[in-house]
Amino acid sequence: MKLITWNINSVRLRLAQLQKLIEQTQADVICLQEIKAENKVFPTDELKALGFEHQAVRGMKAYNGVAILSRQPFKMIESINFAGRDDARHIAVELKGGVELHNFYVPAGGDIPDPAVNEKFAHKLQFLNELTTWSQAGKGRSRIMVGDLNIAPLPDDVWSHKQLLDVVSHTPIETDGLNKVLEVGAWCDALRQLTPAPEKLYSWWSYRSPDWEKSDRGRRLDHIWLAEHMSRQLQDGGVLKDARGWQQPSDHAPVWVDLSL
DNA sequence: ATGGTTGCATGGCAA
């Protein structure tokens, strides 16, 4: 099974790029974040025509929003509200064989890494705390966790560890917090299993760079984690960096794995 | 130190 996670940054604006991704990868399951669309305007029929008959969508107007597309049927699992908000940041399904697939869009957290003065950073930290509890509670289950976690946990997940230590997405409180989520839930970081540090690995490059590829100031914000006991089912994977260079790209590149499920 | 770009929705916020 080829599984992809992608922060698409508007599913309606980037439907053509999603089609290109499908045609190039022949993915079986696609998890999207930041669809920025209510369910009623989600391109359900277009995606069915592309082979994704089965869709789980949790959208909202203008912001956030997550979806899971699949060629094969799945069962819905209850989606969770974190940090007391119904803001479309989690959706989950059960795939064949009873494997749970959880798709997350963790809050970005604003610009100032101080919860006392930045409510958005406080929200991110609360989300992370509740994610830790959730992660621990489900330890041992057959589950996959993907999404835009908006944290680059390792020094080699950013272009400059030193220069980003006080930049939201790579501050110690965030990286320690995400590493704790990984640890207490007994997860395997699939992309780092395949491409161990210290090799640099990024999935996001800012729109604000005049030449994203040349400056290559990336961060690894998008992740695929497998329950540790499933790690031997990991066959292959990587970051589809090419997609960042497509016409009218998302600022995130898709991340993929091949699993023997 | 600052500003740089994009999407939604059509002003300004979020990223």
Side-chain angles (χ1 to χ4, degrees), chain A residues 5-21 31-43 46 57-67 81-90 103-115 117-128 131 146-153 157-160 162-171 173-175 178 202-223 241 243-255:
Chain A
T5 178
W6 190 25
N7 180 322
I8 193 169
N9 188 16
S10 173
V11 69
R12 286 175 292 173
L13 190 71
R14 250 173 284 286
L15 192 56
Q17 291 85 334
L18 181 54
Q19 179 172 356
K20 185 170 178 172
L21 178 71
C31 296
L32 300 173
Q33 304 86 35
E34 281 206 271
I35 62 174
K36 292 186 173 178
E38 293 178 283
N39 286 36
K40 64 183 180 188
V41 295
F42 189 82
E46 292 87 338
V57 182
R58 188 170 175 207
M60 60 182 276
K61 189 173 181 171
Y63 300 108
N64 311 334
V66 285
N81 289 332
F82 288 86
R85 302 186 193 196
D86 185 5
D87 58 354
R89 294 180 180 278
H90 171 260
N103 179 18
F104 286 94
Y105 176 53
V106 172
D111 290 329
I112 303 163
D114 180 353
V117 297
N118 174 12
E119 186 277 332
K120 290 199 278 284
F121 196 67
H123 176 218
K124 185 178 195 174
L125 295 184
Q126 188 184 343
F127 195 107
L128 201 52
L131 195 59
V146 310
D148 177 5
L149 305 184
N150 263 315
I151 298 172
D157 291 338
V158 294
W159 64 275
S160 169
K162 197 175 166 185
Q163 285 175 261
L164 288 175
L165 274 171
D166 59 352
V167 173
V168 172
S169 74
H170 195 63
T171 64
I173 192 166
E174 294 169 88
T175 57
L178 193 63
Y202 314 138
S203 66
W204 174 89
W205 293 261
S206 172
Y207 281 131
R208 296 179 189 178
S209 173
D211 187 336
W212 70 276
E213 196 167 20
K214 190 179 171 202
S215 60
D216 199 24
R217 294 186 168 190
R219 306 177 200 171
R220 189 171 71 105
L221 305 179
D222 303 275
H223 301 270
K241 190 176 173 181
R244 183 61 180 80
W246 290 349
Q247 189 170 16
Q248 197 171 38
S250 168
D251 46 354
H252 294 255
V255 175

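Each chain gets a letter, A, B and so on, in the order the sequences are listed, and its residues count up from 1.
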Measuring only the [atom1] atom in each nucleotide, how far is [N] from [M]? A whole number of Å is fine.
N	M	atom1	value
B:dA9	B:dA15	C1'	16 Å
B:dT2	B:dG7	P	27 Å
B:dC8	B:dG3	C1'	22 Å

Distance check needed: [N] [atom2] versus [X] [atom1], whole Å only.
X	N	atom1	atom2	result
A:H252	B:dT6	NE2	C1'	11 Å
A:N64	B:dA14	CG	C1'	9 Å
A:Q247	B:dT6	CD	C1'	15 Å
A:M60	B:dC13	CE	C1'	13 Å
A:Y207	B:dA15	OH	C1'	10 Å
A:K36	B:dC13	NZ	P	15 Å
A:N9	B:dC8	CG	C1'	10 Å
A:L13	B:dA15	CG	C1'	15 Å

Nearest heavy-atom neighbours spanning A:D148 and A:Y105: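 The answer is OD2-CE1, 3.3 Å.
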Hey, is the side chain of A:R208 poking within less than 4.0 Å of OP1 or OP2 on B:dA15, counting only N and O atoms?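 No, because none of the side-chain N or O atoms of A:R208 sits under 4.0 Å from OP1 or OP2 of B:dA15.
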Would you indicate, yes or no, if B:dA14 has its OP1 or OP2 atom less than 4.0 angstrom from a side-chain nitrogen or oxygen of A:K120?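 Yes, A:K120 has a side-chain N/O under 4.0 Å of OP1/OP2 on B:dA14.
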Please figure out whether A:R12 or A:S209 has its closest DNA chain B nucleotide nearer the 5' end.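 Between the two, 5'-proximity favours A:S209.
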Contact nearer the 5' end of DNA chain B, comparing A:Q248 with A:D111: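 The 5'-side residue here is A:Q248.
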Apply side chain to side chain donor-acceptor pair (under 3.5 Å) to the pair A:Q33 and A:T5, showing each step before the final yes or no. CA-CA 8 Å; A:Q33 304 86 35; A:T5 178; 2.9 Å; yes
Of the candidate nucleotides [options], which contains the atom at the shortest distance from the side chain of [X]?
X	options	result
A:A62	B:dA9, B:dG7, B:dA15	B:dA9
A:S10	B:dT5, B:dC8, B:dA15	B:dC8
A:Y63	B:dA9, B:dA14, B:dA15	B:dA14

Which part of the nucleic acid, if any, lies within contact of A:R14, taking any heavy atom under 4.0 Å across all strands shown: a base, the sugar-phosphate backbone alone, or nothing?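 Answer is sugar-phosphate: A:R14 comes under 4.0 Å of backbone atoms only.
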Aromatic ring pairing A:F104/A:H90, orientation class (parallel under 30°, perpendicular over 60°, tilted between):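 The arrangement is tilted - the two ring planes meet at 30° to 60°.
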How are the rings of A:W204 and A:H252 set relative to one another: parallel (under 30°), tilted (30 to 60°) or perpendicular (over 60°)?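 Judged by the thresholds at 30° and 60°, the geometry between A:W204 and A:H252 is tilted.
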Would A:R217 and A:W205 count as a cation-pi pair here, with the cationic atom under 6.0 angstrom from the ring centre and within 45° of the axis?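 Not satisfied by the 6.0 Å and 45° rule.
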